[in-house]
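Inspection log for the structure reproduced underneath, given as structure tokens.
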Amino acid sequence: MYVAVKGGEAAIRNAHRLLADRRRGDRSLPSLTLGQIAEQLALACDRVMAEGSVYDRELAALAIKQARGDLIEAIFLLRAYRTTLPRFGYSEPIDTGAMQVERRVSATYKDLPGGQMLGPTFDYTHRLLDPSLAGDDAPDDPEAREGDGVPAMRVSDILAQEGLIEADGETGGEEIGDLTRTPMEFPMGRDTRLQALARGDEGFLLALGYSTQRGYARSHPFVGEIRIGEVEVEYRMPELGLTVSLGRIRVTECQMVNQFKGSAKAPPQFTRGYGLVFGQSERKAMAVALCDRALRADELGEDKFAPAQDEEFVISHSDNVQATGFVEHLKLPHYVDFQAELDLVRRMRGEHARKQGGDEAMPEAAE
Amino acid sequence: MATAHIVEGGFADPVFASQSVFRAVMDAMARPGSVLPIDAGISPPAPLNAAAAAVALTLADGDTPVWLEAEMAKNEAVAGWLAFHTGAPLAQMPSDAVFAIASNPAHLPPLTGFALGTQEYPDRSTTVILQMASLSDGPVLRLSGPGIRTTNSIAPRPLPGHFEMQWQAINDLYPRGLDLVLAAPDAIACLPRTTRIGNGEA
Amino acid sequence: MTLETEIEDGLASYNFAYLDEQTKRMIRRAILKGIAIPGYQVPFASREMPMPYGWGTGGVQVTASIIGPDDTLKVIDQGADDTTNAVSIRAFFAKVADVETTTRTGEATIIQTRHRIPEEKLTEGQILVYQVPIPEPLRFLEPRETETRKMHALAEYGLMHVKLYEDIARNGHIATTYAYPVKVEGRYVMDPSPTPKFDNPKMHMSDALQLFGAGREKRIYAVPPHTNVVSLDFEDYPFEIQTFEEPCALCGAHGVYLDEVILDDRGGRMFVCSDTDFCEERRAEGHRGHLSGEAMEAAE
């Protein structure tokens, strides 16, 4: 007896109820507060803000809670919310040179003005599970060093004094691209490309960055500097001729310094790969910097052969909200197309069987 | 002071008004030569007519430079009104315009002077809004092409000089080209670049 | 105030049809250029929607940009109104645009579809909005946008013909059964979305306006009414559509697209209309297929 599949609406409703139940989990345990997520899963919130392209820690915490800890789902929630926000304008470029640095390390100089500051890093922790964290032991208060919070000079400025590194690029003149407002077009400008990378999936960019270290477009990278800290966001109101501060955001900036042999136009010098990400995410900032440098192959007249150098490939596939949507859409019904394929395969098998001499019955001849 | 003229006379309910005007423009573009009424209840400063203004308010914004034919550009009320209600910057050259509005088609520069798109991006072309005194009592244009079952006809006036010859030149550029919105005070009709104009005899 | 109540108070309510007006204007401009250049893919700054990319975000953005309070919306997926994604999208518009919805093809002013064109002939004034996953018909022959854009610019479609001809050489058939490429008004080769090629002839000289939205790939394109849409083929291998040997088991219709339904684990199967509305209306008119006894009706 055939009963057509009906009741999609009820099925969806019930599925969502079950989801809400599983999200909450064991009712005898207290529900997570957004404050707990924002404070204690701060790096998860940072990633969701960065790839969700919205700097709002509380909304990121809400998204993480709603997504049951699935960060890509949380990123998606934030992006979908972002889309609906009215746009008042563009901020002034942030000045990371004026950053209140909480962490700042350079791999290229032993010591430098402003010093090396480890800050809150996993580096040099021994990765041993810590049983004390199973409870609620309060850690010791951190110690603050005299002079913390003083702006530290950029490593790239040190190299620039000798003319050893390419200039920082020009700002002004041309309008900065915005891929959330204008359709992407290849080849892209470096501005739009960096925007795409900043929103890109950490895992994907990490793998691509890694591939450049293993010889797929090796760029001899050195971490000129990584800095993490707060910067001021300013907005200029042209009609009032006024620049106002909108607040402070935490960002991670990575400047990679890469060898460059020089070309007909430019003498041998160091070049840069640049990464800037919302929140504290060194891994992402470094991966972006490696990819940025690899993607400058055309600009610097380098041979192009590796995936990380291929702008269309990298940028078209770096967005995890797009990627997860399209991969997961395969679970939607496709039976209309599949029927068309079934029909063709059956027909071709029938012809194949006839060609083979006919008498040997094909399995589906028993139908 | 002219401020009141600039601020008043826009859509009373922008969300629904622009939706209904857009549907008329879309319908008109999809069925070239069909005349669709526009009643958006707006009162732009003269010489901008209500239908042309409604189309501009529906489609133009800060991302779309608008070029105004000289007579309109000189008119501070019109320029101010459009700037206030759309936020669109004024295009200096016809070739920079996403939209162009002309109240006096006789003074229009050659159509080929507007943005015509490129072979790769033919969509990057101007949509020209020509104000018409009438869509029915001018010389008859016989139309054919996509959107038209067999033929259609329309009789707009006043058209730019040597219009049929100019339009033939646009046809010849396909897929580059531009698209026209003919705006009588209370109705519009469209001629997309694919529409061919035959002679006026039935 | 706690963080939680602060957020509850702060989350904005949504605009009519979800999209903000600036986004609608951007999409509306793209739609108009799409109509003016039939078959050409207009790039647009696609937005994130509250459903995933690949699940109809392009179609949803197009529908959201054209729909008004007077519209009646029908949403189908695989031809059916009651497939989960169709239900979900219909519910979305019922909620954010408060429009009337219908399952009747004839009553709808806008029909959003995934993978099918309704069997009932569409009429003047109706708009068919397709959800498109990969809008570029040349994409699987040439993955680079920079290259395919050049091919369209030059109307250089030899590669597509070579691909179709290779199929014939290898299989004796053109092995493309859905998303079968068409040429629009003699100029642009266009992907009709993954509809079965059975539906291709319905696109030709349709009375309805056809709009295509690809959200993830950020393209909108269109076919105006009464426009030439020709499936690519060869003189010695003309385009042909699928035919089904038996009629619909429920309504007895011939010459429609059928879904194969597996009835048991012994190879039992039946073929029924993929267009559920078409099938239901025929049965309401008294048509019966060989498996639609009265018991069957009662069981539904």
Side-chain angles (χ1 to χ4, degrees), chain A residues 1-9 11-12 33-35 38 58-59 61-62 76-77 79-87 179-187 312-313 316 319 321-330 332-337 339-344 347-348 351 366-367, chain C residues 3-4 6-7 12 14-15 18 20 22-23 43-45 47-50 52-55 57 77-79 82-88 91 115-116 133 144-146 171-173 175 177-178 194-198 216 218 242 257-261 263 267 270 272 274 276 291 295-296 299-300:
Chain A
M1 176 71 58
Y2 171 67
V3 180
V5 186
K6 292 261 180 199
E9 232 152 310
I12 291 175
T33 67
L34 300 190
E58 283 71 39
L59 287 181
L62 175 64
F76 180 16
L77 285 167
R79 288 264 195 99
Y81 174 68
R82 178 192 196 277
T83 287
T84 66
L85 299 175
R87 192 175 303 242
L179 56 79
T180 68
R181 301 253 291 163
T182 32
M184 258 191 221
E185 185 187 330
F186 295 108
E312 270 207 59
F313 177 80
S316 300
D319 188 298
V321 177
Q322 289 172 12
T324 198
F326 201 46
V327 167
E328 294 197 52
H329 110 285
L330 289 173
L332 287 179
H334 282 80
Y335 50 76
V336 162
D337 333 359
Q339 188 61 49
E341 295 281 271
L342 265 180
D343 176 63
L344 177 72
R347 216 142 34 93
M348 283 170 37
E351 283 161 18
E367 249 176 60
Chain C
L3 206 52
E4 280 77 3
E6 207 172 299
I7 282 178
Y14 298 112
N15 191 21
Y18 185 78
D20 61 281
Q22 198 173 2
T23 300
F44 80 112
R47 300 290 194 247
E48 275 91 1
M49 297 300 285
Y53 283 118
W55 299 51
T57 56
D77 189 334
Q78 316 295 300
D82 58 356
T83 34
T84 41
N85 204 42
V87 168
S88 164
H115 293 196
R116 274 313 308 278
R144 271 166 213 290
E145 168 70 15
T146 36
N171 311 312
H173 294 276
T177 57
Y178 60 92
T195 47
K197 65 180 177 179
F198 179 88
R216 192 178 37 75
K218 304 177 171 52
Q242 294 103 331
Y257 197 78
L258 301 176
D259 289 337
E260 180 171 341
V261 178
L263 293 172
M270 68 193 269
V272 296
S274 130
T276 50
L291 283 180
M296 212 73 197
E300 267 187 52

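Labels below follow one simple rule: chain letters A, B, ... track the order of the sequence lines, proteins then strands, and each chain is numbered from 1. Predicted model only: the values in this text are computed from it and were never measured.
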_Heavy-atom pair count under 4.5 Å with chain A, highest-scoring of C:Glu260, C:Arg144, C:Glu48_ = C:Glu48

*Donor-acceptor contact below 3.5 Å, side chain C:Thr146 vs main chain A:Phe186*: no

*Pairs of heavy atoms under 4.5 Å with chain C: top-ranked of A:Glu328, A:His334, A:Met184, A:Arg181*: A:His334

*Are side-chain heavy atoms of A:Pro333 and C:Asp77 found at a separation under 4.5 Å?*
yes

*Ignoring hydrogens and angles, tell me if any N or O in the side chain of C:Glu145 forms a donor-acceptor pair with the backbone of A:Glu312 under 3.5 Å.*
no

*Looking at A:His329, A:Glu185, A:Gln322, which one has more heavy-atom pairs under 4.5 Å with chain C than the rest?*
A:Gln322

*Answer with side chain, backbone, both or neither: which region of A:Leu330 has an atom nearer than 4.5 Å to a non-hydrogen atom of chain C?*
neither

*Quick one: which of A:Val321, A:Leu342, A:Thr324 has the most heavy-atom pairs under 4.5 Å with chain C, could you say?*
A:Val321

*So which part of C:Phe198 gets closer than 4.5 Å to some heavy atom of chain A, the side chain, the backbone, both or neither?*
neither

*Can you tell which part of A:Glu351 gets under 4.5 Å to a heavy atom of chain C, answering side chain, backbone, both or neither?*
side chain

*Would you mind checking which part of C:Thr195 comes under 4.5 Å of any heavy atom in chain A, side chain (CB onward), backbone (N, CA, C, O), both or neither?*
neither

*Partner residues of A:Phe313 under the ring pair (Phe, Tyr, Trp, His ring centres under 6.0 Å) criterion, sequence neighbours left out*: A:His317

_Interchain contact, A:Phe326 with chain C, by part (heavy-atom threshold 4.5 Å)_ = both

*State, with a plain yes or no, whether a side-chain heavy atom of A:Val336 is found less than 4.5 Å away from one of C:Tyr178.*
no

*Side chain, backbone, both or neither: which part of C:Ala91 has a heavy atom under 4.5 Å from chain A?*
neither

*Calculate, to the nearest 0.5 Å, the distance between atoms NE2 and OH belonging to C:His115 and A:Tyr335 respectively.*
11.0 Å

*Can you check whether C:Gln242 reaches A:Arg347 side chain to side chain, under 4.5 Å on heavy atoms?*
no

*Side chain to side chain, A:Gln339 and C:Gln78, heavy atoms closer than 4.5 Å*: no

*Measure across C:Pro52 and A:Gly325 and return the closest heavy-atom pair with its distance rounded to 0.1 Å.*
CB-CA, 4.0 Å

_Heavy-atom cut-off 4.5 Å, strictly under: side chain, backbone, both or neither for A:Asp337 against chain C?_
both

*With sequence neighbours left out, write down each residue that passes side-chain contact (heavy atoms from CB on, under 4.5 Å) with C:Thr23, or none if nothing qualifies.*
C:Leu19, C:Asp20, C:Met26, C:Ile27, C:Arg47

*With the side chain counted from C-beta on, respond yes when A:Asp343 and C:Thr177 share a heavy-atom pair under 4.5 Å apart, and no when they do not.*
no

*asked:* Can you give me the closest heavy-atom contact between A:Ala80 and C:Met49, atom names plus distance?
replied: CB-O, 3.7 Å

*asked:* Using heavy-atom distances under 4.5 Å, tell me whether C:Thr83 contacts chain A through its side chain, its backbone, both, or neither.
replied: side chain

